[in-house]
Every structure is written in C-alpha cells, then in structure tokens.
Amino acid sequence: MDGERLTLGKVLSAVGLVIIMLWTIFPLYWVFNMSIQTPIDVISYPPKFVFDPTLENYSVVLLGKSWLGKYETVQTDFPRYFLNSLIVCSGAVILSMLVGVPAAYSLARYNFRGKENFAFTLLSFRFAPGLIVIIPLFVIFRRIGFYGTYYGMIFAYQLLTLPFSVWLMRGFFEDIPPELEYAARIDGYSWWGVFRKIDLPLIAPGIAATGILSFIFAWNEFLFGYILSSDATRPVTPSLMGFISYEQVLWGQMAAAAIITLLPSVILAIFIQRYLVRGLTFGAVKG
Amino acid sequence: MSVESRSRQSFWSKNIAWLLFMPAFILTAGILIPFGYSVVMSFTDFNLTAGTSNFIGFGNYIKLAKDPEFWNALKVTILFTIGAVAIEVGAGFASAYLLNLGMRGQKIWRTLFLLPVMLPPAVAAIMWKLMMAPIQGVFNYLLQSVGLPGSQWLGGSSSALFSVILIDAYVFMPFAGMIFLAGVQNLPKEPYEAAAVDGVSSWFTFRRLTIPLLKPVILIVLLFRIMDCLKQFDIIYAATKGGPASATMTISVQAYYHSFRWTNMGYAFAHLVILWAIVYALSYFLVGQWRKAVSEVHGY
Amino acid sequence: MAEVRVEHVWKFYQGEKGAAQRVEAVKDATFTCNDKEFLCLLGPSGCGKTSTLRMIAGLETISQGDIYIGGKRVNDLLPKDRMLAMSFESYALYPPMTIYENIAFPLRARNWSEERIRERIKEVSELLEIQDILSFRPAKLSGGEQQRVSLARALVREDAQVTLMDEPISHLDAQLKARLRIDLKRVQREWGLTVIYVTHDQLEALSMADKVVVMNLGEIQQVGTPEDLYQKPANLFVAGFIGEPPMNFLPCSLMKDKDHFYLQFSQFRFEVNSDIAHMMSEENNQKNNWVLGIRPADIVIGSSVGESYSLKARVSSVEHLGESSVVTVDVDGQQMLIEVPGLSSEKEGSSVSVYFGKEKAHIFNALTGKVIRK
Amino acid sequence: MVNVELKNVVKKYGDLIAINNLSFKVNSGELMVLLGPPGAGKSSTLKTVAGVEEVTSGEILIDNELVNNFDPADRDVAMAFETYALYPHLSVFENIAFPLRAPKRSRLFSEEAVKEKVLEVARFLEIDMLLERKPKELSGGQRQRVALGRCLIRDPKVFLLDEPIAHLDAKLRYRLRQELKKWQQRKGVTTLYTTTDYLEAFSVADRIVILNKGTLQQVGSWEEIYNHPANTFVGMIVSDPPMNYFDGKLVMDGGKMLMRAKGISFYLPSLTEEKARQMNISEVVLGIFPSKILMSRDENFMPGSGTIVDGVAKFTELRGSRKIVFVQTPQDLSFTIQLPAEAKVQIGEKVRCFFGEDEVQIFDKQSKINLFWV
C-alpha cells in the first residue's frame with residue numbers, strides 16, 4: 001500500500017530500537033570489558049576498546065590472590081560473601097515458600113474476615129522506606145544478640161520475600177478454576193488429596209518462579225545486608241562497597257566483582273522470563 | 001460414628017483458612033515491631049553511642065521543620081522522583097511501542113531489554129560510577145570524541161542529581177517498559193477492529209480508547225516507580241553517598257547519616273516517619289485510583 | 001446500500017516451515033450478495049466463514065482473488081474506507097466506555113451532533129431492548145446483553161453500504177434468540193439493509209437468510225435459498241449439516257438385475273430408474289460406494305405413501321418432544337431417526353415397516369460426496 | 001436405591017439469590033431434568049447437591065439422610081461440570097480414571113480393571129482414540145465427553161450432569177442423549193440433569209423441574225408440562241417458536257363466561273370457567289402453542305369446538321421440515337403458526353386459523369398461573 005512511508009517508519013523504529021539496545025547493553029559490555037583489563041589498561045586514557053584480555057581480576061576477587069603476583073589487592077573475602085548470600089537468600093526463600101504457599105492458598109480460596117485488608121497491608125510493606133524497618137532491627141538485634149547472625153539476616157530478608165511470595169502465589173492459585181477442586185472432591189479425594197494431586201502439580205511452575213524471583217530480590221538487596229551483617233556474614237551485594245571505601249583505583253577488580261554479583265540474578269531471571277512482569281509488579285499486571 | 005467424624009471434619013474445614021494463613025501472618029507481623037519501634041523512637045532523643053533515650057514529644061519534628069538540611073533533602077527527593085519517573089515513563093512507553101512492532105529478533109531484544117532490572121541497583125550504581133568517572137570514564141571520552149564537552153557527572157554539584165537520575169532510569173526504565181509492553185499486548189484486539197471498520201481515525205481511537213484502556217497499567221507504573229524513587233537509597237548511596245555537598249542528599253540518605261554516622265537515632269526516625277507518611281498517603285491514593293481504573297475497564 | 005461480489009477469493013497462511021506448509025483457510029470462494037439481500041455464511045467452526053467475512057471487512061488481507069463492494073474493487077482499501085458496519089462474535093465492545101458511549105463512538109468520530117446521536121441511539125436501543133443498560137459499562141453485562149449492544153453499534157450507522165454480522169446471536173438463550181431472529185430479519189427488510197451474516201447454526205441460516213452459502217474446510221459447498229439447501233442438498237456435507245434431526249444415511253451398493261437397477265442396503269433393495277442409474281454409472285465410482293439419504297421427517301411408519309421404498313426395522317427408542325416424536329429404529333445394525341408429528345404410539349422393541357417416497361430419497365456418491373440428481 | 005430430596009433450599013451469593021426456596025424430590029432411579037434459561041439456578045442446584053457449595057438455608061437429603069454437613073467426597077455423587085473441569089495436567093485416560101484412583105476406591109480396582117473400565121466408557125463416548133491426549137489438545141465437544149466419562153465411570157448414588165451434551169454436534173447429540181438415558185436406566189442411578197433445551201429435556205427426562213431465576217415453576221412429566229404449562233413462562237420455554245399469548249377480559253354472556261381479546265371471543269370450558277369464578281378474576285391471558293393452531297383457506301373451516309381467527313400471513317420462515325407463519329389480524333393481533341414444510345402459504349395471503357378449545361390455555365393475568373392448575 002503505502003510502501004514509502006512504511007519503510008521510513010520502519011527505519012525510524014529500527015534506529016529507536018538500536019538506541020534502546022545500546023543504552024541497555026553498553027554499560028554491561030563496558031563493565032565486562034573493564035573486568036578483563038589489566039590495571040594499566042583500565043586507567044589508560046583514552047579508554048581501550050581493544051586490549052589483551054586477562055582473568056586476573058576474577059582471580060583476585062575470587063581467590064584473593066593474583067596469579068601473576070603483580071596486582072594490588074584489598075583483602076576482601078569475596079567467596080565467603082558469595083556463600084553468605086547463598087545461605088541467607090536460600091534461607092529466606094525456603095522459609096517464605098513453606099509458610100507462603102499455604103497462606104497464598106488460603107487467600108485465594110477462602111473468605112475470612114479482614115482478608116483483603118490484611119492482604120493490602122502486606123503489599124504496603126513493599127512501599128515502606130527500608131530504613132524505617134532496618135534501623136530498629138539493627139538496634140533490637142544488637143540487644144538480643146541476633147546482629148550479624150544468619151538467623152537474624154534470614155528473618156530480615158524474609159520480611160522482603162514473604163509478602164511478595166504470598167501475593168504472587170495467590171494469583172497463581174486464583175488462576176486454577178475452583179471447579180477443578182470441586183470435581184476432585186466429588187471424585188472422592190480429601191482436601192489434602194486435592195491439594196497434592198491437583199493444585200500442586202498445576203502451581204509448581206508458579207512456585208518455582210516465585211522462589212526464583214524471591215531469591216533474586218534477596219540477592220539484589222543492599223541495605224538490609226549492609227546494616228545487619230557483620231564482616232563474617234556480609235552478603236555479596238553490600239560487600240561491593242568494600243571496593244569503593246578504599247580510595248585506591250581497583251576498578252578492574254570492582255568490575256569483576258560486579259559482574260560476578262549480577263550473574264546469578266541474570267541467569268535465573270532468564271529461566272523465569274514468562275513470570276517476570278507478574279513478579280516484579282506483585283502480580284498486579286499479568287504479563 | 002460416621003456422622004461424628006464428618007462433623008469433626010467440618011470443624012477443621014471451617015477454620016482451615018486461618019490455620020493455613022497463621023504462620024505467614026505471624027512471620028510478617030514481625031515487621032510491625034520495628035515499625036512501631038521507629039514511630040515511638042521518633043519522639044525521643046535516642047542516641048546510639050550514649051545509649052540514652054528521653055521522651056521529647058514533638059521535639060524532633062519541630063527541629064525538622066526548622067532544619068534547612070531537611071528541606072533541602074525533601075526538595076532533592078522530590079526532584080529525583082519527578083526526574084526519574086518522567087524519564088522512565090516516557091522512555092518506557094517508547095520502548096514498549098518499539099518492542100511491540102514485531103521486528104526481527106524481537107524475542108532476543110525483549111530479553112536483553114530486561115537485563116538491567118535484574119541488576120542489584122547498588123551494583124548498577126557502581127558500574128555507572130566507573131563509566132562516569134570524570135577523567136578516565138568512558139562517557140566523557142565518548143562525549144569528547146564527538147566534540148562535546150565532558151561533564152563532572154556524579155562529582156559536579158550541578159550534574160550529580162541528574163547523574164543519579166540517569167542511573168535510576170537505567171535500572172528501572174525497562175521495568176516501566178515491560179509493564180507497558182504487557183499492557184499493550186493485553187489490549188483486546190477486537191475493539192480496534194470494530195473501530196477500524198467503523199471508520200474511526202487512529203488518533204481518535206488512541207485518545208478515546210487506548211489511553212483509557214491502559215490507565216490501570218499507567219497507574220501501576222506510577223505507583224511502583226514513585227514509591228521506589230521516594231525511598232531510593234541503594235543507588236544514591238552507592239553512587240554519591242549523598243554528595244557532593246548535599247546535591248543528592250535525599251531524606252533516606254540523610255536519615256542514614258543521622259542514625260549511623262551521627263547516632264542521632266531519634267532525629268533519624270523523625271525523618272523516616274515523615275517520609276513514610278508521604279509514601280503511604282501517595283500509595284493509598286494511587287492504589288485507590290488504580291482499583292477504580294481496573295473496575296472501569298474490567299468491571300470488578 | 002450495495003451489492004458485494006466475492007470472486008475466486010483465497011486465504012492462505014504461511015505455515016511455520018515455509019511455503020510447503022501453506023494452510024488454506026478459504027479456497028476459491030465465489031458468491032454474490034445482492035443489494036438489500038440477507039446472505040448467510042454457514043458452516044462448522046473452522047470452515048473459513050469468518051475468514052471470508054473478515055476479508056470483506058478488510059480486517060484480513062486477501063491472498064488471491066477480488067472483492068467488490070458496490071461495483072468497486074476494495075482489495076486495497078482500508079477497513080475504514082469500505083463503508084461497512086460490523087458486529088463481532090466476541091462483542092468487541094470498548095471496555096472503558098458506557099454502553100451509550102460505545103454505540104455513540106462511531107457517530108462521534110463522524111462529528112454528529114449530540115442531539116442527533118441521542119435520537120439515533122434511542123431508536124436502535126428500543127429495537128434491541130437495551131434502553132435500561134445504556135449507562136452501564138460492558139463488563140457489568142451478561143453475554144446476551146453485550147451481544148445486543150454489539151448489534152446496536154453495527155445498526156446505528158446510517159452510512160454503511162453493507163452490514164456484516166459475525167455470529168451475532170449465538171450466545172443468547174433460546175427465547176431471546178428466537179425473538180431476535182425475527183427482529184433482525186424485520187429490521188433488515190424495513191431498513192433495506194444488505195447483510196452478510198456468519199453463523200454455525202443451520203436453523204438461524206434457514207430461518208433468516210434469503211441466500212445461504214454453505215462452507216466446509218474452506219470450500220463453498222453450496223449456494224442457494226434455504227429451500228434449496230433443505231430439499232436439494234448438493235452433497236453429503238450439506239445434507240448432513242442442514243436439518244434437525246439430521247438426515248439418515250444408508251450405505252448402499254449399485255446393483256443390476258436384468259433391466260432393473262437398484263441400490264442395495266443390507267437385504268433391502270431400492271429400485272432406481274434407468275436414467276439415474278445411467279448418471280450414477282457415469283460417476284467415477286464403480287458400484288459399492290453409494291449413500292442413500294433420507295430426512296427423518298420424510299419417513300412414515302406403517303403405511304406406504306405413493307411410490308415408496310420400504311424397510312423392516314426394529315424400534316429402539318421413542319422420544320416424545322411435544323408437538324412431535326423422534327423414533328429411533330434399527331435396520332440391520334444401522335440406526336435411523338424418524339420424525340413423527342404428534343405423539344408416537346410405537347413401542348420399544350417392536351418390529352415395524354417404514355416407508356419413504358422415492359422422490360424424497362437423495363443419492364450421493366460416497367467417494368466425492370456429490371449428489372446424483374436429474 | 002437412592003432418592004434425593006431438596007427442602008426449602010436457598011442459595012445466595014452475596015445479595016444475589018441463586019436458588020429461592022426450592023423443594024422437590026427425585027425418586028429412586030429417576031432421571032430428573034432441570035430445565036431453564038441460563039441463570040435460572042440449575043448449576044447452583046447441582047453444586048449444592050454435590051456439596052461443593054454450601055446451601056444458605058434448607059436441607060438436602062440423599063437416600064433419606066441429611067447431607068448438608070457432608071464433605072463432597074462422602075456424599076458419593078458423580079458430577080459432570082458444564083465447564084468440564086478437566087485436570088489439565090493429566091491425560092484423557094488419567095482424567096477418566098481419576099475417581100477410581102481416589103484413596104477410598106483405589107483398593108477396589110486393579111490397574112487392569114481401571115484400564116478396562118476406562119476403555120468401556122471411552123468407547124461408549126467415542127473418545128477411545130484420544131486417551132493419550134491432554135485436555136488442551138481436544139475440541140470443546142471432546143472435552144465435554146471426557147468430563148462425562150469421568151462421571152460415568154463411577155457407580156455412585158447420584159449422577160449430577162450439568163448440560164452434559166450441550167457442546168456436541170447434532171448427530172452425536174441425538175445418538176448420545178438416548179444412549180445416556182439407557183446407560184442411566186441400566187445402572188439405575190438416580191440422576192439430576194440440566195439443560196436449556198426443552199427438546200433434550202423432553203427426550204431424556206422421566207420428570208422435569210422447570211426453573212426461572214432460582215424459583216420453581218413446575219414439576220412434572222413432559223405431558224403434564226406440555227399439555228398444561230403451569231404459567232406463561234413455562235409455555236414460553238417449552239416451545240420454539242414460543243407460545244402465543246393474548247390479553248383478554250372475561251365477561252358474562254348469557255350465563256356463560258366469555259373471554260374477549262382483540263377480535264377473538266371464546267367460551268371458557270366449564271372446568272376453567274368454574275375456577276375463574278372461584279378466583280373472581282376478570283383479566284386473563286390466553287395462550288396457544290404455534291403447533292396447535294390449525295390453518296386453512298377454506299371459508300367454512302371449523303374443525304371442532306373452538307374459535308376462528310382470520311388474518312393475513314405477514315411472512316414465513318422455513319425451518320427444515322417445518323414452516324413458521326407469522327399472522328396478523330385486522331385487529332392488530334399477531335401470532336405464529338407452525339406448519340409442515342409442504343404447506344403452501346403466500347405472503348400477504350388471507351388465512352383462516354382455528355384455536356381449538358382443548359388446545360387453549362387460560363392464565364390469570366396477574367399471577368400468570370394456568371387456571372388448570374389452580
């Protein structure tokens with residue numbers, strides 16, 4: 001039809017897309033670039049786009065030592081932080097799933113007094129400034145000896161993941177028509193039988209997605225870990241600040257640490273793409 | 001016998017809703033304790049190092065009202081929110097449009113587009129800090145190589161706020177774009193066909209049909225982004241720590257300094273309670289608007 | 001108003017694995033809807049009737065062939081330039097607007113005055129009995145109400161040359177359906193509308209249409225008046241699809257005994273006169289694959305009528321349906337339905353003789369489905 | 001043998017009353033059809049009997065035992081849902097076998113026995129080719145048959161079938177409704193069956209419950225209902241086209257009671273007259289089914305005791321074996337007549353119609369109740 005105009009529109013759109021993609025990808029590309037540069041390349045000016053890549057920065061960050069022995073390092077215990085993050089995040093996710101699945105089912109299937117109010121209160125925690133919760137926790141934890149312990153951190157992190165999990169899984173349960181449960185109950189199954197044979201298989205992908213998203217949220221959290229952890233229990237995201245505090249130019253290592261930190265989130269996120277929109281918006285938009 | 005066992009079952013089934021819900025309730029109620037603690041402590045002169053706390057009524061709040069630092073923080077917070085939300089909504093809408101055109105490789109583009117949302121905001125801030133370095137940073141290099149002057153970026157008192165806004169936009173623009181994209185994809189197809197057959201112009205259709213249909217989605221984006229920006233801490237702290245010279249000092253960051261650097265806990269809590277009140281009132285309003293919009297579109 | 005001509009129209013979709021996988025939704029469709037005519041596109045789901053309608057509307061591109069509206073080729077016109085009105089099966093209402101605004105939408109886009117809009121909507125909403133729901137939003141309405149609104153939005157347009165309707169009453173309950181069939185037909189006649197109407201319900205097509213186009217698997221099976229379709233089905237598909245209870249089919253072989261030709265079903269013989277037998281032998285079908293079709297209403301139990309065929313059968317069930325009864329009989333393992341006016345006194349398990357007039361029997365080539373007719 | 005009884009059952013969803021004080025009894029082994037338009041409360045009734053929804057008030061008895069507080073699993077009923085409610089993660093085979101694998105039954109059936117029973121049911125429903133598929137790979141009609149299969153595989157106290165064959169094509173529907181009835185009779189399982197189609201109800205039911213807006217309208221065999229519809233609503237839904245209604249006044253004419261409508265006057269049969277007198281009513285509605293009106297061109301047409309109405313055929317509708325004629329009288333009375341397809345009627349032609357005394361129903365205008373049942 002309107003061949004000419006259509007092509008122009010297409011060209012403009014393509015240009016727009018390229019700009020967006022550059023905006024998205026370039027920082028990641030650049031930081032990755034820095035992470036495989038030698039200290040000299042990193043601070044060279046003009047910045048280098050072509051250079052001899054090296055894995056030294058990763059070695060320093062992960063193993064705490066330089067293979068070639070010529071890198072300055074700060075004493076960060078990066079693998080330890082990584083492990084801390086794993087423990088705290090997994091703990092929070094497992095806890096949220098254990099109590100979240102029944103709660104979500106209850107919200108989806110039953111009516112009880114104050115249900116919607118309570119559900120909304122849960123959501124509103126998402127909007128509370130983090131510090132208003134963390135500072136008291138810091139004070140209280142110090143007093144009762146929870147400060148810097150895994151238990152204390154898991155408790156704090158589940159405050160982030162549990163409301164989210166309940167909201168999201170409630171939506172997944174509501175996607176299962178109640179008729180399926182009716183049919184199975186008429187077919188002679190107990191409440192537990194119906195839950196196990198019908199609901200669980202159908203919601204399993206939703207639970208997995210919720211778990212992964214919770215894990216990512218916990219992993220990405222900065223403030224909770226920064227304030228409530230001791231050196232021994234510091235999670236990986238706040239630990240990155242360690243590279244900044246020293247006024248040394250350790251950019252290559254910082255870049256390597258940043259890449260390592262964001263890798264788990266990115267990889268996990270790709271697995272659950274289908275649920276991302278729903279998850280990030282607490283189920284308010286079904287993507 | 002059978003009747004008895006059945007009636008016992010029905011007792012269980014009557015209370016099952018609460019029994020299932022209780023564990024989660026108890027755990028999340030945990031959030032109320034620190035929350036209440038904050039509110040109570042905002043009426044004291046609680047000092048962490050001295051360990052003293054005396055009730056001083058509205059003392060902290062009166063002090064706040066007279067504190068130019070606080071008013072500056074409030075201004076910075078609002079400017080940050082307006083700037084970031086405007087960019088995220090505008091660019092997000094444009095991105096959603098472009099990603100919905102069905103261009104080749106669409107699936108890959110969409111996946112890549114989403115990557116920044118998955119980054120820990122603090123890490124993203126550090127990444128950008130590296131690139132925004134005034135001397136060795138790649139941004140200034142790129143600007144200068146096309147003949148533009150460089151910028152002090154995070155280091156300049158006039159450019160710092162814009163720089164942190166840019167970082168926030170980097171991380172969260174895809175979030176807005178993705179929700180708009182979902183909204184656009186969920187638009188019913190047939191009303192548009194009906195409008196096409198009825199000979200209604202596309203601008204009329206966009207204005208009278210698309211915008212009202214997308215209203216719930218637009219409100220959701222606003223809700224999440226405004227709330228997040230008002231309380232944003234990670235990005236600003238990791239990028240500038242509030243500097244230079246309070247140029248990016250938001251209420252959250254200020255409260256952090258009052259509490260952990262200057263150990264004025266009571267005063268810090270007063271900051272946070274004010275911030276929380278603003279956030280809560282706004283979210284209450286926006287959620288109400290959102291529910292109204294949803295019911296207009298979907299009828300429930 | 002204008003006539004619509006569809007000439008050798010094809011619709012194909014490219015399959016996922018390139019050209020070899022081409023899916024043909026509409027194959028070489030040709031028909032004409034005359035000015036002020038009520039034309040039905042009838043067929044089961046997936047037969048291509050909706051694709052055909054959407055090509056006429058311009059909502060889908062025409063893969064091959066031409067469509068003319070009022071003598072003008074419209075292949076390259078956008079939907080808005082074809083001057084059509086359309087009501088959609090899934091209603092296609094505008095969710096954020098009230099019903100009044102929904103119906104007013106196409107008129108507002110034409111800058112009608114509010115007063116003129118109000119009057120026009122009053123007229124249409126009275127016809128469809130939706131005056132009481134004009135202030136509601138679509139989501140609040142039942143399916144039946146939404147469907148009427150969708151119809152109203154199509155009927156409100158005065159400038160439309162052709163009104164297209166995609167299953168406009170299929171989601172209504174039986175009583176409303178019955179009434180709207182009558183109302184729609186009346187409006188079409190009184191307002192002189194040219195209507196192309198898609199439905200899968202043969203009763204709707206039979207009772208409303210001036211002309212019916214029967215489609216199956218993308219191909220037009222027959223074009224004709226409701227009487228034609230019922231009395232002279234062109235093939236097995238049309239015969240089985242039109243009429244309720246459905247036509248009985250008896251598989252037969254063609255036999256010759258001395259000078260007489262007859263169709264043999266099990267132990268029963270149905271003589272066919274020689275010119276029909278001659279036509280049958282011209283078909284590319286040696287002898288076995290024939291089907292004799294007979295409508296349940298054309299069969300009589302117990303007494304012969306004129307020149308008729310007869311069968312011995314056993315009554316397997318009797319259904320009393322108020323003004324008529326349906327008797328199911330078993331003829332050597334083959335079930336046949338017989339529609340009897342009033343109350344049937346047949347007893348289950350009893351043996352009966354059934355008769356049907358020779359002229360009521362339809363003979364089909366089972367291989368091609370084609371009817372054999374003088 | 002098991003009977004089912006509902007006593008004053010009320011079911012509310014918030015402010016909406018789905019079932020309004022419903023009482024009826026289903027005898028042992030009986031097939032009771034609940035007939036009514038969408039939203040009449042049919043599904044809600046089945047769900048409360050099944051126990052998946054609690055009654056707001058009232059009692060439900062199965063086998064003379066009050067089951068209000070029983071868990072669905074303990075009521076021993078089998079239900080086919082109108083929405084199918086197939087388990088999406090299970091194959092067709094596993095869907096049908098699901099009830100047999102329930103804890104309380106799994107010991108009774110070996111894997112062999114399960115397979116055998118599933119096959120038997122699947123063959124009966126013509127879905128034995130689909131056993132490996134998942135529900136989402138099936139068409140609507142196939143899904144419906146799987147849902148039915150999951151129900152029929154059991155030997156429960158009660159079958160609850162919610163529009164079990166509504167989404168099948170005509171041929172299968174005609175066959176299956178009779179087969180279903182036979183299956184039910186052979187097993188002797190008391191059955192509640194819902195439909196919106198009066199022909200289907202007449203065909204399968206031992207008795208019929210007619211519902212409208214959650215309220216009972218009439219209970220009875222099809223003859224009772226068809227011969228004497230309890231009120232104008234019933235007359236409307238057990239006929240297509242619906243029963244014709246005319247408003248009239250009762251006047252005394254020489255000691256006899258005469259009903260006068262526009263251009264019709266009509267002496268009431270003595271039984272009706274007596275009731276009208278007892279009730280002291282003067283305004284009535286006369287109802288007559290379209291199929292009960294006789295029509296002729298003969299000036300002297302008077303086939304029995306009744307009244308003659310002269311009118312003009314406004315238009316006709318062919319419906320396969322029937323022809324529907326819309327008649328208008330000079331007094332602006334309009335009604336429909338159902339004739340055999342062969343009947344020759346020209347549009348605009350004068351016709352003489354006969355309303356037989358025995359075919360006319362008289363309803364109280366205020367309560368809409370048939371005087372026969374008063």
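Naming convention: chains lettered A, B, ... in sequence-line order (proteins, then strands); numbering from 1 in each chain. Below, each value reflects all heavy atoms present in this structure, side chains not excepted, and no hydrogens, waters or symmetry copies.
- Most heavy-atom pairs under 4.5 Å with chain D, from the set C:Pro246, C:Gly240, C:Gly322: that is C:Gly322.
- Within a 6.0 Å radius of CG in C:Leu343, more than 12 heavy atoms belonging to other residues, nucleotides or ligands are found.
- Within the 4.5 Å cutoff, no side-chain heavy atoms of C:Val326 are placed close to those of D:Phe202.
- Looking only at side-chain heavy atoms (C-beta outward), C:Leu206 and D:Leu318 stay at 4.5 Å or farther from each other.
- With sequence neighbours excluded, the residues forming a side chain to side chain contact (heavy atoms under 4.5 Å, CB included) with D:Val360 are D:Phe266, D:Leu286, D:Ile288, D:Phe355, D:Ile362, listed by chain and number.
- Contact of C:Ile242 with chain D is not made at all, since no heavy-atom distance falls under 4.5 Å.
- Residue contact with chain D, scored on non-hydrogen atoms closer than 4.5 Å, is absent for C:Leu229.
- Residues that satisfy the salt bridge (Lys or Arg N to Asp or Glu O under 4.0 Å) test with D:Glu349, not counting sequence neighbours, are D:Arg297.
- For a residue to count as touching a neighbouring chain, one of its non-hydrogen atoms must lie under 4.5 Å from one of that chain's; by this rule D:Phe326 touches chain C with the side chain only.
- Shown here are the side chain to side chain contact (heavy atoms under 4.5 Å, CB included) partners of C:Ala239, two or more places apart in sequence or in another chain: C:Pro233, C:Met247, C:Phe249, C:Phe364.
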Scan the chain D/chain C interface and emit each donor-acceptor pair under 3.5 angstrom with its distance.
| from | atom 1 | to | atom 2 | distance (Å) |
| --- | --- | --- | --- | --- |
| D:Arg173 | NH2 | C:Glu244 | OE2 | 3.1 |
| D:Arg177 | NE | C:Glu319 | OE1 | 2.7 |
| D:Arg177 | NH2 | C:Glu319 | OE1 | 3.0 |
| D:Gln178 | OE1 | C:Ser317 | OG | 3.2 |
| D:Gln178 | NE2 | C:Glu319 | OE1 | 3.3 |
| D:Lys182 | NZ | C:Ser316 | O | 3.2 |
| D:Ser203 | OG | C:Glu319 | OE1 | 2.3 |
| D:Tyr226 | OH | C:Glu323 | N | 3.3 |
| D:Ser321 | N | C:Tyr230 | OH | 3.1 |
| D:Ser321 | OG | C:Glu339 | OE1 | 3.3 |
| D:Arg322 | NH1 | C:Glu323 | OE2 | 3.3 |
| D:Arg322 | NH2 | C:Ser324 | OG | 3.4 |
| D:Arg322 | NH2 | C:Glu339 | OE2 | 2.4 |
| D:Gln338 | NE2 | C:Glu323 | OE2 | 3.0 |

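- Ranking C:Ile182, C:Leu203, C:Leu321 against chain D, the residue ahead of the rest is C:Leu321, based on heavy-atom pairs under 4.5 Å.
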